[in-house]
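Since the structure comes first, as structure tokens, the remarks are kept for the end.
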Amino acid sequence: MLHTIDWHGRAAAAVLPNRPFIDGAYVDSLSGETFDCVYPGDGRVLTQVASCNDADVDRAVASARRAFEAGSWSRMAPAERRRILLRFSELILANREELALLETLNVGKPIANAYNGDVVSAASCIAWYAEAIDKVYGEVAATGPDMTTMVVREPLGVVAAVVPWNYPMSMAAWKLGPALATGNSVILKPAEQSPFTALKFGELAIEAGMPPGVLNVVPGLGHIAGRALGLHMDVDCVGFTGSTEVGKYFMQYSGQSNIKRIGLELGGKSPQVVLADCDDLDAAAAGIAAGIFANTGQVCNAGSRLIVDASIRDALLEKIAAQAANYQPGDPLDTATRMGSVVSEEQMSRVLGYIDAGRAEGASALIGGARVRTETGGFFIEPTVFEGVRNDMTIAREEIFGPVLSAITVNGFDEAMAVANDTIYGLSGAVWTGSVKNAHRAAKAIRAGVVWVNCFDRGSMAVPFGGFKQSGFGRDKSLHAMDKYTDLKAMWFAH
Ligand code: NAD
């Protein structure tokens, strides 16, 4: 279906959700304020979206609390929640064309990626937690013959999910799946750049049979709606994905309010280490190019620092440059496009600012380095590879969140590991090597929540994802994610 649809025609006729979804229905915001939603593929304003304020957030939290206390979801038998969540997942897939289009209009990612990737991965995530929830058990502790002691997990109550714009549906699903499956009520706050699919999720949850108030969606600005959720005395937990800077705010909000639980999936500056003994430079080059140019480099675990042994540097860089040709920016609504726009004019300026800093600090652009497709009015940047980068340069230390690779040359294993770990981040890392011994040594040495060996960005719902150091704490995906949205309760029964 993907290739037979007139996506431009669909875009022109699209219905764009732009009001908060609270207590089971779209409602007018109490704030009356709005913000512009811009299509980054051509820079035009698509619609105005409600900018929720403290009063709107209060209303959403009250609805979520009422639903939680009523028990219509929180105390529902897990097998029943499973049934409704599976239906929710099916409805996401049934609305695949509309959701893919809304995602592309919001963030400028290629329609083929939104259709084949984002929608499917969000639906699979919800289904995975649906399937899990009636298959997890509590514990009976070994407290002796005069006692029966059970250890069970209970939902926290009202969870706020505050998410970014790079994978709006997937990032929302990574929170909604475990938080809803475990019986919580959720308030989803999408990034201001990408509210459409989140709002549509609210609608689909009701269609699936979820009781009103269990999933509310409040579009709004970070420093208003996001802050109001962070500081709210009746929000029990925030599941946050976004920048390290804003993650630090959420820790402050928690301390300033009710010590709500916080899970933080933050930024990264992930090393792609290619050792001298790498025996497949073609595979490494393809993995490295995909790892920085996919999703226009707007990926938390993007492999943005290439750490390459001097002995193979020239051969590898040549192959990466050849791979980059596959990622020339194109029309996001064209099904053949592999790299779309960056998300906004602001983000484009930020990335171009880093490119300028790279040049000013003495690195040189082997390929790329400029805005392109300017005539479209959209925000497109070429795939860019810098060589001659030192690890103390701005482009090696700060998260650029764009299609910019910084290549650093090293000599030997020990220097490679030292440079890989010389960062405030610890989300992920990769090593490319033909040596089993070095594969194991590197996997242990790299201080990060995920390490890939001879591959990059592989993922599965069965495997936890999250960071060390200033990349945050707590894990998304896998059964471990359910720990974030539940508390342990010990119950002692004397005989
Ligand atoms: P961001 O931190 O600017 O915004 C994320 C969310 O926080 C948005 O909903 C935003 O509205 C809200 N927000 C912004 N300022 C706020 C404030 N003062 N108070 C409360 N809420 C606020 O991040 P972004 O630009 O949307 O996304 C890019 C960042 O997300 C990158 O740093 C990237 O690495 C990170 N990210 C991490 C992961 C992961 O799993 N670790 C995944 C995707 C993205």
Side-chain angles (χ1 to χ4, degrees), residues 35 37 49 51-54 57 106-107 109 118 121 125 160-175 187-195 198 217-232 235 238-254 256-257 260 262-270 292 294-304 342-344 346-348 350-351 398-402 423-428 448-450 457 459 463-478 481 484:
F35 59 87
C37 225
V49 175
S51 174
C52 291
N53 66 5
D54 291 31
V57 164
N106 264 166
V107 301
K109 70 171 65 197
D118 299 62
S121 97
C125 172
V162 181
V163 295
W165 44 259
N166 59 340
Y167 292 95
M169 277 185 279
S170 301
M171 295 301 101
W174 287 8
K175 313 292 183 208
I187 298 144
L188 174 60
K189 209 296 278 171
E192 39 274 50
Q193 297 83 350
S194 53
V217 187
V218 290
L221 304 180
H223 67 281
I224 300 174
R227 182 173 180 276
L229 285 165
L231 285 170
H232 206 288
V235 169
V238 174
F240 174 72
T241 298
S243 60
T244 294
E245 183 189 351
V246 176
K248 290 180 182 182
Y249 286 135
F250 274 100
M251 296 203 62
Q252 290 176 20
Y253 299 152
S254 171
Q256 285 163 14
S257 56
K260 55 179 64 64
I262 306 277
L264 299 177
E265 297 286 353
L266 308 177
K269 193 73 191 174
S270 297
I292 188 64
N295 214 46
T296 326
Q298 301 168 132
V299 183
C300 50
N301 62 271
S304 51
V342 297
V343 72
S344 64
E346 186 190 359
Q347 183 65 9
M348 180 178 68
R350 196 166 166 262
V351 175
E398 296 185 15
E399 185 180 41
I400 298 174
F401 228 57
T423 167
I424 61 164
Y425 296 110
L427 187 55
S428 68
V450 186
D457 205 15
V463 180
F465 182 84
F468 287 12
K469 296 161 58 178
Q470 291 191 41
S471 292
F473 52 81
R475 293 292 178 266
D476 281 332
K477 304 171 88 177
S478 82
K484 275 199 304 205

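Just follow the structure's listing: the first ligand is 1, and inside any ligand the first atom is 1.
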Per-pair distances, 0.1 Å, donor-acceptor, side chain in residues 464-475, under 3.5 Å, sequence neighbours excluded:
from, atom 1, to, atom 2, distance (Å)
Lys469, NZ, Asn421, O, 3.2
Lys469, NZ, Thr423, O, 2.9
Gln470, OE1, Lys248, NZ, 3.1
Ser471, OG, Gly267, O, 2.6
Ser471, OG, Gly426, N, 2.9
Ser471, OG, Leu427, N, 3.1
Arg475, NH1, Gly467, O, 3.2
Arg475, NH2, Gly467, O, 3.4

Does Asn166 offer a backbone N or O that forms a donor-acceptor pair with the side chain of Lys109 under 3.5 Å? yes
Can any side-chain N or O of Lys260 pair as donor or acceptor with the backbone N or O of Gly230 at less than 3.5 Å? yes
Does CD in Glu346 sit with more than 12 non-hydrogen atoms of other residues, nucleotides or ligands closer than 6.0 Å? no
Hits for salt bridge (Lys or Arg N to Asp or Glu O under 4.0 Å) against Glu192, two or more places apart or cross-chain, chain-then-number order -> Lys189
Holding to ring-ring contact (aromatic ring centres under 6.0 Å, His included), I want the full list of residues that pass it with Phe250, two or more places apart in sequence or in another chain. Phe240, Tyr253
Lining ligand 1 at under 4.0 Å, by non-hydrogen atom distance, are residues Val162, Val163, Pro164, Trp165, Asn166, Met171, Lys189, Pro190, Ala191, Glu192, Gly222, His223, Gly226, Arg227, Phe240, Thr241, Gly242, Ser243, Val246, Tyr249, Phe250, Tyr253, Glu265, Leu266, Gly267, Cys300, Glu399, Phe401, Leu427, Phe465
